[in-house]
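As a basis for the values below, the full set of heavy atoms in this structure was taken, side chains included, without hydrogen atoms, waters or symmetry mates. Reminder, nothing fancy here: chain letters follow the sequence lines and each chain counts from 1.
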Amino acid sequence: MQSSLPASRAALLGWFDLHQRDLPWRRTRDPYAIWVSEVMLQQTRVETVRRYWDRWLETFPTVASLASASTEAVLSQWQGLGYYRRARNLQAGAIFIVEQLGGAIPTTAEGWKTVPGVGPYTAGAIASIAFGEPVPAVDGNVLRVLSRWLALERPIDSKEGRFAIDSLAADLAAGPRPGAWTQALMELGATLCTPTSPACLLCPVSAGCAAAAMGEPTRFPLKAKAKAPREVHRFALALRQPETGAEWWVQRDEQGLLGGLWEFPLLTSLDEAQAAAEPLAHHGDLLHIFTHIRLTVTLCSATEDATEPPIPDGYQTGRWVLLEERESLPQSRLMRKLRERLLLPTG
DNA sequence: CAGTCGTGGCA
DNA sequence: TTGCCAAGACT
């Protein structure tokens with residue numbers, strides 16, 4: 001039997017008051033600090049963000065300090081968090097607030113939506129948490145929790161399914177304690193109403209949950225099918241001067257994957273056999289292989305970029321040496337490997 | 001609108 | 001070891 005919306009809402013708030021995690025960004029009311037936390041938390045685990053949030057606020061304690069910082073310093077503080085566009089947008093947002101809003105930080109969701117890097121979710125989260133505005137903030141947790149609550153048969157990535165979730169979220173947001181409510185809904189999704197093993201027996205709102213009543217909460221949310229990833233074959237080549245130990249790096253294009261970061265030059269080929277021949281064909285007997293990482297990249301946008309940077313003067317006497325060879329790696333593991341071996345600190 | 005953008009944890 | 005995906009925004 002479905003209980004009333006206000007009753008379920010009150011039950012979830014009561015549970016949140018008792019069982020919420022002690023997160024550092026819940027100990028502040030500084031809207032800038034909350035903004036930083038929300039951007040860091042986009043598509044990123046709480047435990048990962050913990051390590052960055054404190055340090056970020058020590059380095060850039062105010063909107064003004066972030067706005068006047070160098071891009072290099074900003075990216076350096078972000079290094080390892082991923083989705084580096086977020087760091088650039090965060091600084092662009094700080095500059096926007098200083099230059100366009102006269103330094104006055106927005107206080108409403110509508111205002112926040114005009115800030116670079118702040119979309120519908122983040123605008124609602126900041127407005128409700130930092131300013132108490134009764135607006136919804138629908139993230140992946142909320143999509144999951146509410147789709148289970150409704151036993152929603154429409155996929156959440158369809159227009160109709162998303163509309164149903166947004167409608168319910170808006171109704172629920174219009175009640176007491178908007179900030180606590182926003183966090184309570186996400187907290188439930190993060191700790192009890194989890195993707196693979198929901199703890200319905202501990203859930204404060206299971207009595208009103210249609211999926212729990214059906215006995216199969218993990219059937220929701222429904223999702224449309226994902227497409228198959230495409231493959232790209234690449235070589236990472238690193239040149240080092242034996243005498244000095246100096247290594248040859250190139251900077252990636254500002255746009256796209258790992259934009260603006262440093263790496264060994266990569267050769268790209270759609271054909272595996274051609275890729276296997278490229279490094280030696282290009283460098284002949286003049287050089288030995290220093291680093292020769294054979295990579296299969298999925299979901300990589302660099303397919304067309306097969307140009308090889310010229311080897312700068314003074315490195316011609318270096319040696320190419322085989323360091324490692326891999327059959328293939330998924331993107332996440334590939335990037336881990338690239339970061340371990342290829343990425344330089346930016347600051 | 002569908003594609004793109006990182007990383008780390010976990011079953 | 002491998003696939004999946006988590007506090008999304010932008011183009």
K.L.:
Please tell me which of A/Tyr83 and A/Lys159 maps to the more 5' nucleotide of DNA chain B, matching each residue to the nucleotide holding its nearest heavy atom.
P.N.:
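This one resolves to A/Lys159.
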K.L.:
For the side chain of A/Thr48, starting at C-beta, report the closest nucleotide among B/dG8, B/dC5, C/dA9.
P.N.:
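Closest nucleotide among those given: B/dG8.
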K.L.:
Using atom CZ of A/Arg88 as one end and atom P of C/dC10 as the other, report the distance to the nearest whole Å.
P.N.:
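Distance, rounded to whole Å: 15 Å.
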K.L.:
Nearest-Å distance, OH (A/Tyr52) to P (B/dG6)?
P.N.:
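Taking atom P of B/dG6 as the reference, OH of A/Tyr52 is at 13 Å.
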K.L.:
To the nearest Å, give me how far apart CG (A/Leu188) and P (C/dA6) are.
P.N.:
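Checked: the CG to P distance equals 15 Å.
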K.L.:
Is any side-chain N of the basic residue among A/Glu38 and A/Arg86 closer than 4.0 Å to the acidic one's carboxylate O?
P.N.:
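Between A/Arg86 and A/Glu38 there is no salt bridge, as every charged N stays at least 4.0 Å from the carboxylate O atoms.
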K.L.:
Identify which nucleotide among B/dT7, C/dA6, C/dG8 has an atom closest to any side-chain atom of A/Asp139, counting heavy atoms from C-beta outward.
P.N.:
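So the side chain of A/Asp139 is nearest to C/dG8.
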K.L.:
Please, which pairs that meet side chain to side chain donor-acceptor pair (under 3.5 Å) have at least one residue in residues 194-209 of chain A, sequence neighbours excluded?
P.N.:
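Qualifying pairs: none.
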K.L.:
Can you measure A/Asn89 atom CG to B/dG6 atom P for me and round it to whole angstrom units?
P.N.:
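Between P of B/dG6 and CG of A/Asn89: 12 Å.
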K.L.:
Using only side-chain N and O atoms of A/Gln43, determine if any of them is under 4.0 Å from OP1 or OP2 of C/dG8.
P.N.:
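Yes, because at least one side-chain N or O of A/Gln43 sits under 4.0 Å from OP1 or OP2 of C/dG8.
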K.L.:
Parallel, tilted or perpendicular for A/Trp35 and A/Tyr32, by the 30°/60° rule?
P.N.:
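Answer is perpendicular, since the angle exceeds 60°.
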K.L.:
Given C/dC10, C/dG8, B/dG9, which nucleotide is nearest the side-chain atoms of A/Thr122?
P.N.:
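Looking only at heavy atoms from C-beta outward on A/Thr122, the closest nucleotide is C/dG8.
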K.L.:
Could you tell me how far apart A/Arg85 (CZ) and B/dC5 (P) are, to the nearest whole angstrom?
P.N.:
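Value for this atom pair: 11 Å.
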K.L.:
In whole Å, what is the span from the CZ atom of A/Arg144 to the P atom of C/dC4?
P.N.:
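Going from A/Arg144 (CZ) to C/dC4 (P), I get 17 Å.
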K.L.:
Answer with base, sugar-phosphate or nothing: what part of the nucleic acid does A/Trp78 contact at a heavy-atom distance below 4.0 Å?
P.N.:
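Nothing: the residue A/Trp78, judged by heavy atoms under 4.0 Å, touches no strand.
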K.L.:
Looking at B/dT7, I'd like to know if its phosphate oxygens (OP1 or OP2) sit under 4.0 Å from a side-chain N or O belonging to A/Tyr84.
P.N.:
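Answer yes for this pair, as a side-chain N or O of A/Tyr84 is under 4.0 Å from OP1 or OP2.
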K.L.:
Taking C/dA9 as the reference, what is the distance to B/dG8 when you measure between their P atoms (whole Å, please)?
P.N.:
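The answer is 22 Å between these two P atoms.
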K.L.:
Using a cut-off of 4.0 Å on non-hydrogen atoms, how would the nucleic acid contact of A/Leu23 be classed: base, sugar-phosphate, or nothing?
P.N.:
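Answer is base: heavy atoms of A/Leu23 come under 4.0 Å of a base.
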K.L.:
Could you state the CG-P distance from A/Asp157 to C/dA6, rounded to the nearest angstrom?
P.N.:
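From A/Asp157 CG to C/dA6 P: 12 Å.
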K.L.:
Ignoring the backbone of A/Arg51, work out which of C/dC10, C/dG8, B/dG8 is nearest its side chain.
P.N.:
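Given the options C/dC10, C/dG8, B/dG8, the side chain of A/Arg51 is closest to B/dG8.
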K.L.:
In whole angstrom, what separates A/Ile156's CD1 from C/dC5's P?
P.N.:
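Rounded to whole Å, this separation is 10 Å.
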K.L.:
When we call it a touch if two heavy atoms are under 4.0 Å apart, what does A/Arg50 touch: a base, just sugar-phosphate, or nothing?
P.N.:
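The answer is nothing, as A/Arg50 stays clear of every strand by at least 4.0 Å.
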K.L.:
Let me know, please, whether A/Thr196 or A/Gln42 comes out on the 5' side of the other along DNA chain B by nearest nucleotide.
P.N.:
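Result: A/Gln42.
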K.L.:
Please figure out whether A/Pro195 or A/Pro120 has its closest DNA chain C nucleotide nearer the 5' end.
P.N.:
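Of the two residues, A/Pro195 wins.
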K.L.:
Pairs of donor and acceptor atoms involving the side chains of residues 57-69 of chain A, under 3.5 Å and at least two apart or interchain, shall be tabulated with distances.
P.N.:
unit_1	atom_1	unit_2	atom_2	d
A/Thr59	OG1	A/Arg55	O	2.9
A/Thr59	OG1	A/Gln77	OE1	3.2
A/Thr62	OG1	A/Ser65	N	3.0
A/Thr62	OG1	A/Ser65	OG	3.3
A/Ser65	OG	A/Thr62	N	3.0
A/Ser65	OG	A/Thr62	O	2.7
A/Ser68	OG	A/Ala64	O	3.1
A/Ser68	OG	A/Ser65	O	3.3

K.L.:
Should the pair A/Arg219-A/Glu153 be classified as a salt bridge under the 4.0 Å nitrogen-to-oxygen rule?
P.N.:
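Salt bridge: yes.
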K.L.:
Under 4.0 Å, counting only non-hydrogen atoms across every strand here, what does A/Val118 touch: a base, just sugar-phosphate, or nothing?
P.N.:
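Sugar-phosphate contact only.
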K.L.:
Return yes if the base of B/dG8 and the side-chain atoms of A/Thr44 contain a donor-acceptor N/O pair under 3.5 Å, otherwise no.
P.N.:
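When only heavy-atom distances are counted, A/Thr44 does not reach the base of B/dG8 through any donor-acceptor pair under 3.5 Å.
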K.L.:
Below 4.0 angstrom, N of the basic side chain to O of the carboxylate: do A/Asp166 and A/Arg162 qualify?
P.N.:
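A salt bridge links A/Asp166 with A/Arg162.
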